[in-house]
Amino acid sequence: MVAVAGVAALALSACTTSASPSGSTASKGGTVTVAVVNDLTSLNSQTPQGNVDTNGQVGYLDGSYGSGFQYIDDNFKIVHDNTFGKFEKTSDDPLTVKYTLNKADKWSDGQPITADDMVLGWAMQSGYYDSATLDQNTGKVLKGTQYFTPAAGTAGIDQTAYPEVSDDNQTITLKYAKPFVDWELFNPIAQPAHIVAKKAGLSSAADLTKLLKGLPKGDKAAPAAPDATLKKAADFVNTGYDITAYPTDKDLVVSSGAFYVSAWTPGQSITMSQNKYYNGGMKPNVDKIVFRIIPDANAQVTALQNGEVDIINPQASADTLTALKQTSAKVLTGDQVSYDHLDLNFGSKVFADAKVREAFLKTIPRQQILDSIVTPVNPKAEVLNSQIWLPSQSDYKASVEQNGSDKYSKVDIDGAKTLLAGATPTIRILYNTNNPNRVDEFQAIQASASKAGFKIVDAGSPDWSTLLPGGNYDASLFGWISPGAGTSQIPQLFTTGGGGNYNRYNAMNDVAVQTQTTVDKSELVKLEQQIDKATFSDGYGLPLFQLPGVFGVNARIDGAKYMGNQTGPFWNFWEWSVSSKK
């Protein structure tokens, strides 16, 4: 599976369970090896270029993404980790949220985790200091300064005031000027402030906090000159964690989570070892977790059968399921909160013409693609007809009835030819050449679109994820995978400069921003339906299908459970244990 972590296509309400995760009482120690499709590219998955599934899973284990104060369980409920720290809403009007760390919390280098780290996390994710005006078509800065570039964007996060910090430096309080529908998913722990401070030329995390406290809120109307020290800190966060080999600079692997990256052989394996200073509730039983990079599903099954790996999460297919059932492994299946899609690049000259966009989309053989890839695994699967909801969600059917997706319910070559009026546009399609599903999708689209006169150029690459933000293509094929809770995926995909807005579609920018402050469920659904309808009428692209999921688990591993979101099999790593069973 090729998917991007940290981005959702779902609009589920966030339910809460206030409890710390419980550790297993099974045997301690040992190593669990998990096969993954994609290699590591960055130790910061929360940037546009680092927002890839494996990076996010590593970040989940090391605390730089998605773990700390809370996590999402296999029922897509938000669970608070009150051992690491507590957070609570203390007021509805204005929305006020207080975060308090456990005084025993430490980074993996032994340095304390403090409010300095939470202030930095807020600064990174809020855009408070930005004064940038962005080009509506390209997302590039026209004037002013954009410091941090979070993949999830900044919509909704408090941008109105510097946080209140307690005297003991253990607590921050955020007071919001507007409601924020996903306040419970905001995690103020990301990169370590003492490391970021060091890279910016400061002597301590406290000095970085002092700098942040003294700087004014960014003003787009009258942008000030960029602060050189903050710019240096932001540049390090934005790109300093992108790696091509195991870093010689050990500052890059400092972790707040249960594990840290202790070794990496590119293209082969990533080793994560226990953080001895970790004091949160997600305390692991196992000593190490090893990621084995195995893109091919059949090779993953073979590796599981041979005992080379303990858990696999391959791309689901009928052949994979049949092969897995012939092994002694436990087979876990379910839907993923993930979907494949074709996006048209609105920065592309060829797709500046709405008629060409419509003509191209009329040629996409979505039913054929579904039947060849998904139906053999899930006979009940259907072509996906929404950019916002999945078929299992309650609001899916009503949105499909109004969003205009029926225009593309069948391939219409004659209709495409009429729109093209004899033109033969060239379309360059970017996709992952190492992913069999994407290869099949590209070939099916190429064959069909050629019948209407399109010249389809194979722009596929094994390095597709690094090429995706650059926009040097006309269309792209890839997959989104969601945390399964919250609505942060909407501004991420549909706002100008949104960290996942790779195709530069900006028509729904204002509506997407509104979704983050609309707490009334019925009004939120109306906004989401507006976006869903606009994407079809504007020729945004086409959703293809929801992905089925499958895990294979070796008998020697206890505690692994199915999960269909971006954390995959890692979601409950603290419950894993290694037994003597073979």
Side-chain angles (χ1 to χ4, degrees), residues 42-47 50 59 62-69 84-85 87 97-130 147-150 152 154 157-159 161-174 186-215 217 226-241 247 249-257 260-261 275 277-280:
S42 180
L43 294 169
N44 181 5
S45 66
Q46 297 309 290
T47 63
D62 72 17
S64 63
Y65 169 67
S67 59
F69 283 97
F84 181 84
F87 71 106
V97 187
K98 181 180 180 180
Y99 298 83
T100 303
L101 291 160
N102 184 326
K103 290 185 178 181
D105 291 337
K106 291 183 179 181
W107 294 96
S108 60
D109 60 358
Q111 293 297 307
I113 300 175
T114 68
D116 295 320
D117 299 296
M118 295 194 288
V119 169
L120 174 61
W122 163 82
M124 288 166 51
Q125 298 173 74
S126 69
Y128 178 81
Y129 300 100
D130 291 348
Y147 288 102
F148 300 98
T149 55
T154 59
I157 306 298
D158 178 54
Q159 303 172 11
Y162 186 85
E164 177 186 327
V165 181
S166 63
D167 291 340
D168 65 358
N169 209 33
Q170 294 298 122
T171 297
I172 68 168
T173 301
L174 301 181
F186 175 69
N187 185 353
I189 296 294
Q191 274 64 48
H194 66 287
I195 298 299
V196 176
K198 177 181 175 182
K199 303 304 182 185
L202 299 170
S203 60
S204 69
D207 285 343
L208 179 57
T209 299
K210 184 179 179 180
L211 171 71
L212 293 171
K213 188 174 183 180
L215 291 175
K217 176 178 169 59
D227 181 87
T229 304
L230 181 56
K231 188 68 169 64
K232 195 171 182 180
D235 288 347
F236 168 70
V237 170
N238 293 340
T239 62
Y241 286 91
D249 181 359
K250 296 304 185 289
D251 287 346
L252 297 184
V253 298
V254 172
S255 160
S256 67
Y260 70 96
V261 178
N275 169 13
Y277 292 108
Y278 176 68
N279 195 56

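Note that these values count all heavy atoms, side chains included, but never hydrogens, waters or copies made by symmetry.
- Taking 4.5 Å as the limit, every side-chain heavy atom of D105 sits out of range of all side-chain heavy atoms of S256.
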Could you walk me through whether F84 and N102 pass the side-chain contact (heavy atoms from CB on, under 4.5 Å) check?
-> CA-CA 6 Å; F84 181 84; N102 184 326; over 6 Å; no
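- Residues that satisfy the side chain to side chain donor-acceptor pair (under 3.5 Å) test with W122, not counting sequence neighbours, are absent from this structure.
- For the residue pair P188 and Q125, the shortest heavy atom distance occurs at CA-NE2, 4.3 Å.
- In this structure, N275 contributes its side chain and G257 its backbone to a donor-acceptor pair below 3.5 Å.
- Atoms CZ and CE, from F69 and M118 in turn, are 5.0 Å apart once rounded to the nearest 0.5 Å.
- The CG atom of D251 sits 3.5 Å away from the CD1 atom of I195 when rounded to the nearest 0.5 Å.
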side-chain contact (heavy atoms from CB on, under 4.5 Å) between Y260 and L43, intermediate numbers included | CA-CA 10 Å; Y260 70 96; L43 294 169; over 6 Å; no
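- Pairing each heavy atom of M124 with each of A190, the nearest pair is CE-CB, 3.9 Å.
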Stepwise, does the side-chain contact (heavy atoms from CB on, under 4.5 Å) test hold for T47 with T239?
-> CA-CA 8 Å; T47 63; T239 62; over 6 Å; no
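- Between the side chain of Q111 and the main chain of W107, no donor-acceptor pair closer than 3.5 Å is present.
- The distance from the CZ atom of F148 to the CG atom of N238 is 7.0 Å, given to the nearest 0.5 Å.
- In terms of the salt bridge (Lys or Arg N to Asp or Glu O under 4.0 Å) criterion, K213 has no residue partners (sequence neighbours excluded).
- No side-chain donor-acceptor contact under 3.5 Å links Y99 to the backbone of L174.
- Closest approach of Q191 to S64, counting heavy atoms only: NE2-CB, 3.8 Å.
- Here D249 pairs with K199 under the salt bridge (Lys or Arg N to Asp or Glu O under 4.0 Å) rule; sequence neighbours left out.
- S42 contributes no side-chain N or O that, together with a main-chain N or O of S45, makes up a donor-acceptor pair within less than 3.5 Å.
- Expressed to the nearest 0.5 Å, how far OG of S126 lies from OH of Y147 amounts to 12.5 Å.
- H194 contributes atom NE2, which lies 13.5 Å from atom CG of D207 (distance to the nearest 0.5 angstrom).
- Put simply, OH on Y129 and CG on D227 are 10.0 Å apart, with the number rounded to the nearest 0.5 Å.
- The closest side-chain heavy-atom distance from K103 to D168 is below 4.5 Å.
- Shown here are the ring-ring contact (aromatic ring centres under 6.0 Å, His included) partners of Y277, two or more places apart in sequence or in another chain: there are none.
- Listed by chain and number, the residues in a side chain to side chain donor-acceptor pair (under 3.5 Å) with D130 amount to none (sequence neighbours excluded).
- Side-chain atoms of D117 come within 3.5 Å of backbone atoms of A193 as a donor-acceptor pair (strictly under, hydrogens ignored).
- With sequence neighbours excluded, no residue forms a side chain to side chain donor-acceptor pair (under 3.5 Å) with S108.
- Contact of the L208 side chain with the D116 side chain is not registered, since no non-hydrogen atoms from C-beta on lie closer than 4.5 Å.
- Although no hydrogens or angles enter the test, the distance criterion places no donor-acceptor pair under 3.5 Å between the side chain of D62 and the main chain of V261.
- Residues L101 and I113 come closest through the heavy atom pair CD1-O, 3.6 Å.
- Between V119 and I172, the shortest heavy-atom distance links the atoms CG2-CG2, 4.1 Å.
- Closest approach of L120 and L212 over heavy atoms only: CA-CD1, 4.4 Å.
- At distances below 3.5 Å, not a single donor-acceptor pair connects side-chain atoms of E164 with backbone N or O atoms of K98.
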